Amino acid sequence: MSNKSIGLDDSLHNYLLSTSLREPQIAQLLREETARMESARMQIAPEQGQFMAFLVQLMGAKKTLEVGVFTGYSSLCVAQALPTDGRVVACDVSDEYTSIARRYWSAAGVAQKIDLRLAPAIETLDDLLGKGQAGTFDFAFIDADKENYWNYYKRSLELLRPGGLVAIDNVLWSGRVADDSIQDQNTKAIREFNQKIHRDERVDISMVPIADGLTLARKKASPISKK
(Lines give C-alpha, C1' and ligand atoms only; values in the text may rest on other atoms or scores of the structure.)
Protein backbone atom coordinates (compact mmCIF):
# COMPACT_ATOMS: atom_id res chain seq x y z
CA MET A 1 0.00 0.00 0.00
CA SER A 2 1.14 3.53 -0.64
CA ASN A 3 -0.08 7.01 0.24
CA LYS A 4 1.80 8.55 -2.68
CA SER A 5 2.23 7.56 -6.33
CA ILE A 6 4.52 4.60 -6.91
CA GLY A 7 7.86 5.24 -8.63
CA LEU A 8 8.06 8.93 -7.72
CA ASP A 9 10.82 10.18 -5.44
CA ASP A 10 9.89 12.74 -2.80
CA SER A 11 11.02 15.69 -4.90
CA LEU A 12 8.95 14.73 -7.94
CA HIS A 13 5.96 13.75 -5.83
CA ASN A 14 6.04 17.11 -4.06
CA TYR A 15 6.20 18.82 -7.45
CA LEU A 16 3.19 16.83 -8.64
CA LEU A 17 1.22 17.90 -5.57
CA SER A 18 2.30 21.52 -5.75
CA THR A 19 1.28 21.93 -9.39
CA SER A 20 -1.88 19.80 -9.59
CA LEU A 21 -3.47 19.07 -6.21
CA ARG A 22 -6.53 21.15 -5.28
CA GLU A 23 -7.31 19.54 -1.95
CA PRO A 24 -10.10 21.01 0.17
CA GLN A 25 -8.96 21.94 3.67
CA ILE A 26 -11.27 19.41 5.30
CA ALA A 27 -9.74 16.62 3.21
CA GLN A 28 -6.24 17.78 4.12
CA LEU A 29 -7.15 17.75 7.82
CA LEU A 30 -8.50 14.21 7.52
CA ARG A 31 -5.38 13.08 5.70
CA GLU A 32 -3.15 14.67 8.33
CA GLU A 33 -5.05 13.02 11.20
CA THR A 34 -4.88 9.66 9.45
CA ALA A 35 -1.14 10.08 8.84
CA ARG A 36 -0.59 9.98 12.61
CA MET A 37 -2.18 6.54 12.89
CA GLU A 38 -0.23 3.26 12.86
CA SER A 39 -2.33 2.09 9.91
CA ALA A 40 -1.72 5.29 7.93
CA ARG A 41 -0.44 3.39 4.88
CA MET A 42 -4.02 2.26 4.23
CA GLN A 43 -4.84 5.87 3.29
CA ILE A 44 -5.06 6.56 -0.44
CA ALA A 45 -2.83 9.25 -1.94
CA PRO A 46 -4.39 12.71 -2.30
CA GLU A 47 -3.70 12.75 -6.03
CA GLN A 48 -5.68 9.51 -6.31
CA GLY A 49 -8.61 10.99 -4.41
CA GLN A 50 -8.63 13.98 -6.74
CA PHE A 51 -8.37 11.69 -9.78
CA MET A 52 -11.37 9.62 -8.69
CA ALA A 53 -13.39 12.78 -8.01
CA PHE A 54 -12.47 13.94 -11.51
CA LEU A 55 -13.68 10.64 -12.99
CA VAL A 56 -16.98 10.87 -11.11
CA GLN A 57 -17.53 14.41 -12.37
CA LEU A 58 -16.52 13.43 -15.92
CA MET A 59 -19.09 10.61 -15.90
CA GLY A 60 -21.84 12.72 -14.39
CA ALA A 61 -22.18 10.01 -11.74
CA LYS A 62 -24.90 10.19 -9.11
CA LYS A 63 -24.93 6.75 -7.49
CA THR A 64 -21.63 5.26 -6.34
CA LEU A 65 -20.31 2.37 -4.30
CA GLU A 66 -17.27 2.02 -2.06
CA VAL A 67 -15.88 -1.25 -0.69
CA GLY A 68 -13.45 -0.38 2.10
CA VAL A 69 -13.85 2.99 3.79
CA PHE A 70 -11.02 3.21 6.37
CA THR A 71 -11.08 6.80 7.71
CA GLY A 72 -13.20 8.07 4.83
CA TYR A 73 -10.84 10.05 2.58
CA SER A 74 -11.87 8.40 -0.69
CA SER A 75 -15.58 8.58 0.09
CA LEU A 76 -15.16 12.23 1.10
CA CYS A 77 -13.49 13.01 -2.23
CA VAL A 78 -16.20 11.23 -4.21
CA ALA A 79 -19.08 12.66 -2.17
CA GLN A 80 -17.79 16.20 -2.65
CA ALA A 81 -17.71 15.61 -6.41
CA LEU A 82 -21.29 14.33 -6.57
CA PRO A 83 -24.32 16.55 -7.18
CA THR A 84 -26.57 17.42 -4.26
CA ASP A 85 -28.74 14.35 -4.92
CA GLY A 86 -25.73 12.05 -5.29
CA ARG A 87 -25.17 9.04 -3.07
CA VAL A 88 -22.29 6.86 -1.91
CA VAL A 89 -23.05 3.41 -0.48
CA ALA A 90 -19.97 2.84 1.68
CA CYS A 91 -19.11 -0.66 2.94
CA ASP A 92 -16.83 -1.37 5.90
CA VAL A 93 -16.66 -3.46 9.07
CA SER A 94 -14.76 -1.10 11.37
CA ASP A 95 -16.73 1.21 13.63
CA GLU A 96 -13.43 2.57 14.97
CA TYR A 97 -12.07 3.77 11.64
CA THR A 98 -15.41 4.89 10.23
CA SER A 99 -16.14 6.96 13.34
CA ILE A 100 -13.32 9.22 12.11
CA ALA A 101 -14.84 9.18 8.64
CA ARG A 102 -18.27 10.18 9.93
CA ARG A 103 -16.81 13.14 11.81
CA TYR A 104 -15.17 14.52 8.67
CA TRP A 105 -18.15 13.77 6.42
CA SER A 106 -20.29 15.85 8.77
CA ALA A 107 -17.74 18.67 8.92
CA ALA A 108 -17.59 18.72 5.11
CA GLY A 109 -21.38 18.81 4.78
CA VAL A 110 -21.62 15.57 2.80
CA ALA A 111 -22.84 13.13 5.47
CA GLN A 112 -26.31 13.10 3.90
CA LYS A 113 -24.81 11.74 0.67
CA ILE A 114 -23.10 8.76 2.32
CA ASP A 115 -24.95 5.59 3.33
CA LEU A 116 -22.49 3.72 5.57
CA ARG A 117 -23.13 -0.02 5.84
CA LEU A 118 -21.21 -1.61 8.74
CA ALA A 119 -21.22 -5.26 7.72
CA PRO A 120 -19.08 -7.61 5.63
CA ALA A 121 -19.08 -6.07 2.17
CA ILE A 122 -20.13 -9.27 0.40
CA GLU A 123 -23.28 -9.31 2.53
CA THR A 124 -24.02 -5.68 1.69
CA LEU A 125 -23.41 -6.20 -2.04
CA ASP A 126 -25.60 -9.32 -2.07
CA ASP A 127 -28.30 -7.38 -0.22
CA LEU A 128 -28.21 -4.63 -2.85
CA LEU A 129 -28.46 -7.20 -5.62
CA GLY A 130 -31.29 -8.97 -3.84
CA LYS A 131 -33.19 -5.70 -3.64
CA GLY A 132 -33.07 -5.16 -7.38
CA GLN A 133 -30.18 -2.69 -7.50
CA ALA A 134 -28.32 -4.42 -10.35
CA GLY A 135 -27.40 -2.06 -13.15
CA THR A 136 -28.15 1.10 -11.15
CA PHE A 137 -24.72 2.31 -9.97
CA ASP A 138 -22.46 4.61 -11.98
CA PHE A 139 -19.13 4.13 -10.20
CA ALA A 140 -17.54 1.75 -7.70
CA PHE A 141 -14.26 1.84 -5.80
CA ILE A 142 -12.72 -1.31 -4.27
CA ASP A 143 -10.03 -1.02 -1.60
CA ALA A 144 -10.51 -3.76 0.97
CA ASP A 145 -9.14 -7.22 1.85
CA LYS A 146 -7.21 -8.46 -1.16
CA GLU A 147 -8.23 -12.12 -1.05
CA ASN A 148 -11.84 -11.08 -1.71
CA TYR A 149 -11.09 -8.68 -4.56
CA TRP A 150 -12.67 -10.89 -7.21
CA ASN A 151 -15.77 -11.45 -5.07
CA TYR A 152 -16.15 -7.70 -4.61
CA TYR A 153 -15.42 -6.99 -8.26
CA LYS A 154 -17.92 -9.41 -9.78
CA ARG A 155 -20.71 -8.16 -7.52
CA SER A 156 -19.81 -4.52 -8.13
CA LEU A 157 -19.79 -5.14 -11.87
CA GLU A 158 -23.29 -6.56 -11.67
CA LEU A 159 -24.43 -3.49 -9.73
CA LEU A 160 -22.96 -1.11 -12.33
CA ARG A 161 -24.95 0.19 -15.27
CA PRO A 162 -23.54 -0.41 -18.77
CA GLY A 163 -20.85 2.22 -19.23
CA GLY A 164 -20.28 2.37 -15.47
CA LEU A 165 -16.79 2.30 -14.03
CA VAL A 166 -15.16 0.27 -11.28
CA ALA A 167 -11.80 1.37 -9.85
CA ILE A 168 -9.69 -1.21 -8.02
CA ASP A 169 -6.88 -0.04 -5.74
CA ASN A 170 -3.42 -1.46 -4.90
CA VAL A 171 -3.05 -3.44 -8.11
CA LEU A 172 0.72 -2.75 -8.25
CA TRP A 173 1.10 -3.52 -4.52
CA SER A 174 4.31 -1.50 -4.03
CA GLY A 175 5.89 -3.49 -6.87
CA ARG A 176 5.58 -6.83 -5.08
CA VAL A 177 3.30 -8.25 -7.78
CA ALA A 178 6.28 -8.25 -10.18
CA ASP A 179 8.62 -10.06 -7.78
CA ASP A 180 8.12 -13.82 -8.09
CA SER A 181 10.06 -14.43 -4.88
CA ILE A 182 7.20 -12.84 -2.90
CA GLN A 183 4.45 -15.38 -2.31
CA ASP A 184 2.35 -14.10 0.59
CA GLN A 185 -1.41 -14.50 0.31
CA ASN A 186 -2.22 -10.86 -0.37
CA THR A 187 0.36 -10.55 -3.14
CA LYS A 188 -0.77 -13.81 -4.74
CA ALA A 189 -4.41 -12.68 -4.55
CA ILE A 190 -3.66 -9.41 -6.31
CA ARG A 191 -1.64 -11.19 -9.02
CA GLU A 192 -4.52 -13.58 -9.61
CA PHE A 193 -7.02 -10.72 -9.68
CA ASN A 194 -4.92 -8.77 -12.20
CA GLN A 195 -4.69 -11.80 -14.47
CA LYS A 196 -8.42 -12.53 -14.27
CA ILE A 197 -9.56 -8.98 -14.99
CA HIS A 198 -7.10 -8.80 -17.89
CA ARG A 199 -9.03 -11.69 -19.46
CA ASP A 200 -12.49 -10.39 -18.55
CA GLU A 201 -14.27 -9.56 -21.80
CA ARG A 202 -17.14 -7.86 -20.00
CA VAL A 203 -15.04 -4.74 -19.46
CA ASP A 204 -12.59 -2.36 -21.08
CA ILE A 205 -9.61 -1.86 -18.77
CA SER A 206 -6.66 0.38 -18.06
CA MET A 207 -4.16 -0.06 -15.24
CA VAL A 208 -3.01 3.38 -14.14
CA PRO A 209 0.26 3.79 -12.18
CA ILE A 210 -1.18 6.37 -9.79
CA ALA A 211 -0.58 5.88 -6.06
CA ASP A 212 -0.26 2.07 -5.57
CA GLY A 213 -1.77 1.23 -8.95
CA LEU A 214 -5.43 1.71 -9.90
CA THR A 215 -7.20 -0.48 -12.44
CA LEU A 216 -10.15 1.14 -14.18
CA ALA A 217 -12.71 -1.23 -15.69
CA ARG A 218 -15.59 0.13 -17.80
CA LYS A 219 -18.57 -2.18 -18.09
CA LYS A 220 -19.42 -2.86 -21.72
CA ALA A 221 -22.92 -2.24 -23.01
CA SER A 222 -23.44 -5.88 -23.99
CA PRO A 223 -21.61 -7.93 -21.35
CA ILE A 224 -20.59 -11.48 -22.13
CA SER A 225 -21.60 -14.06 -19.53
CA LYS A 226 -18.54 -15.12 -17.55
CA LYS A 227 -18.31 -17.00 -14.26
Side-chain angles (χ1 to χ4, degrees), residues 44 48-70 72-92 110 113-117 119-171 189-190 192-208 210-211 213-227:
I44 69 166
Q48 179 181 338
Q50 180 169 293
F51 179 61
M52 293 197 303
F54 181 79
L55 292 174
V56 165
Q57 290 175 314
L58 193 66
M59 297 174 66
K62 286 189 175 182
K63 190 174 180 182
T64 73
L65 179 68
E66 179 166 287
V67 179
V69 174
F70 188 40
Y73 188 88
S74 53
S75 43
L76 175 61
C77 291
V78 169
Q80 288 182 314
L82 291 174
T84 54
D85 59 345
R87 183 185 182 205
V88 181
V89 177
C91 309
D92 207 284
V110 298
K113 296 182 182 179
I114 302 174
D115 177 10
L116 177 63
R117 309 285 185 96
I122 290 175
E123 293 181 10
T124 298
L125 299 176
D126 284 343
D127 180 65
L128 291 169
L129 290 167
K131 291 179 177 176
Q133 295 295 302
T136 66
F137 284 78
D138 301 303
F139 176 82
F141 176 52
I142 299 172
D143 183 14
D145 55 299
K146 310 313 172 192
E147 292 184 57
N148 266 316
Y149 258 28
W150 189 257
N151 289 322
Y152 299 143
Y153 165 76
K154 66 182 182 181
R155 288 167 171 81
S156 296
L157 192 64
E158 190 172 349
L159 287 163
L160 285 180
R161 61 169 174 82
L165 188 71
V166 56
I168 306 99
D169 201 20
N170 303 125
V171 293
I190 295 173
E192 181 180 356
F193 175 82
N194 288 341
Q195 291 165 358
K196 290 176 76 171
I197 198 171
H198 186 219
R199 298 191 299 266
D200 191 348
E201 297 177 359
R202 298 171 296 178
V203 293
D204 300 309
I205 65 167
S206 181
M207 185 184 287
V208 183
I210 191 171
L214 187 70
T215 288
L216 304 177
R218 176 187 175 274
K219 184 175 180 178
K220 292 182 180 180
S222 300
I224 299 169
S225 177
K226 191 180 186 75
K227 296 182 179 179

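Computed from a predicted model, the values in this text were never measured in an experiment. All residue numbers in this chain count up from 1 along the given sequence.
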Mind checking side chain to side chain donor-acceptor pair (under 3.5 Å) for Ser74 and listing every partner two or more places apart, or none if nothing turns up?
Glu66

How long is the straight-line distance from CD1 of Ile168 back to CG of Leu216, given to the nearest 0.5 Å?
7.5 Å

Which heavy atom of Met52 sits nearest to which heavy atom of Ile44, and what is that distance?
CE-CD1, 3.9 Å

Taking all non-hydrogen atoms of both residues, which atom of Ile114 and which atom of Ser75 are closest, and how far apart?
CD1-O, 4.1 Å

Tell me, please, which residues at least two apart from Asp145 pass side-chain contact (heavy atoms from CB on, under 4.5 Å).
Asn148, Tyr152

Can any side-chain N or O of Lys219 pair as donor or acceptor with the backbone N or O of Leu160 at less than 3.5 Å?
yes

Closest contact, heavy atoms only, Ala144 versus Gly68:
CB-CA, 4.2 Å

Sequence neighbours excluded, the answer for ring-ring contact (aromatic ring centres under 6.0 Å, His included) partners of Phe193 is Tyr149, Trp150, Tyr153

May I have the step-by-step check of side chain to side chain contact (heavy atoms under 4.5 Å, CB included) for Val166 and Thr215, ending in yes or no?
CA-CA 8 Å; Val166 56; Thr215 288; over 6 Å; no

Roughly how far, to the nearest 0.5 Å, is the CZ atom of Phe51 from the CG atom of Leu58?
9.5 Å

Evaluate the side chain to side chain contact (heavy atoms under 4.5 Å, CB included) criterion for residues Met207 and Asn194: first the C-alpha distance (whole Å), next the side-chain angles of each, then the deciding distance (0.1 Å), finally the verdict.
CA-CA 9 Å; Met207 185 184 287; Asn194 288 341; 3.9 Å; yes

Rounded to the nearest 0.5 Å, what separation is found between the CG atom of Asp200 and the CD atom of Gln195?
13.5 Å

Which donor-acceptor pairs under 3.5 Å do the side chains of residues 81-92 make with protein atoms, sequence neighbours left out?
unit_1: Asp85; atom_1: OD2; unit_2: Lys62; atom_2: NZ; d: 3.3
unit_1: Arg87; atom_1: NH2; unit_2: Asp115; atom_2: OD2; d: 2.7
unit_1: Asp92; atom_1: OD1; unit_2: Ser94; atom_2: N; d: 2.9
unit_1: Asp92; atom_1: OD2; unit_2: Val69; atom_2: N; d: 2.7
unit_1: Asp92; atom_1: OD2; unit_2: Phe70; atom_2: N; d: 3.2

Would you say Lys220's side chain and Glu201's backbone share a donor-acceptor pair under 3.5 angstrom?
yes

Salt bridge (charged side-chain N to carboxylate O under 4.0 Å, His left out) pairs, two or more places apart, involving residues 151-170:
Asp126-Arg155, Asp138-Arg161

Shortest non-hydrogen pair, Ile142 vs Ser156, comes out as CD1-OG, 3.9 Å

With rounding to the nearest 0.5 angstrom, report the OG1 to CG distance, Thr64 to Leu165.
11.5 Å

Sequence neighbours left out, what passes ring-ring contact (aromatic ring centres under 6.0 Å, His included) with Phe139? Give chain and number order.
none

What I'd like to find out is whether the side chain of Asp204 reaches to under 4.5 Å of the side chain of Arg218, using heavy atoms alone.
yes

Residue pair Ile205 / Ile197, side-chain heavy-atom distance below 4.5 Å
yes

State, to 0.1 Å, how close Val171 and Ile190 come at their nearest heavy-atom pair, and which atoms those are.
O-CG2, 3.7 Å

salt_bridge(Asp127, Lys131) N-O dist < 4.0 Å
yes

Side chains of Gln80 and Lys113: donor-acceptor distance under 3.5 Å anywhere?
no

